[in-house]
Amino acid sequence: MSALESVLTCPECGFSKRETMPVDACQFFYECTACQVVLRPRRGDCCVFCSYGSVKCPSMQQQCGCET
Ligand SMILES: [Zn+2]
């Protein structure tokens, strides 16, 4: 069972927002609702949730199984 909600924290302004993750796709871009900066995944990460979210994306959760 994967967690489908992640709290994204903007690295620019520190704003946090709970977002529902797509189950079958990786989200590459995310626009911060507070400062409108467009976030992209960091090197080595597959999506913005892996880089900036409180929970990694569903596909990473399934690959690893060790995430809390
Ligand atoms: Zn922001």
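Order of listing sets the numbers, starting from 1, for every ligand and every atom in it.
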Query raised in the report: Is there a side-chain contact (heavy atoms from CB on, under 4.5 Å) between Cys46 and Met60 once you walk through the steps?
Result: CA-CA 8 Å; Cys46 66; Met60 287 301 287; 3.7 Å; yes

Report task. Kindly work out whether a path of hydrophobic side-chain contacts (I/L/V/M/F/W/Y, heavy atoms less than 4.5 Å apart) joins Val38 to Val48. Result ->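 No, because Val38 and Val48 fall into different hydrophobic clusters, even though each may have its own neighbours under 4.5 Å.
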
Query - Hydrophobic cluster identity match, Val37 and Tyr30, side-chain contacts under 4.5 Å - result: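 Linked, Val37 and Tyr30 end up in one cluster.
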
Query raised in the report: Does some side-chain heavy atom of Pro22 sit less than 4.5 Å from a side-chain heavy atom of Phe49?
Result: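 SC-SC contact between Phe49 and Pro22 confirmed.
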
Report task. Considering non-hydrogen atoms only, spot the tightest contact between Met21 and Pro58 and give its length. Result ->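 Closest approach of Met21 to Pro58: SD-CD, 3.8 Å.
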
Query - Shortest non-hydrogen separation from Cys50 to Lys56 and the atoms involved - result: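 For Cys50 and Lys56, the tightest heavy-atom pair comes out as O-NZ, 3.8 Å.
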
Query - Contacts of the Zn ion (ligand 1) with protein N/O/S atoms, counting only those under 2.8 Å - result: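 Listed by chain and number, the nearby protein N, O or S atoms are Cys10 SG, Cys13 SG, Cys32 SG, Cys35 SG.
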
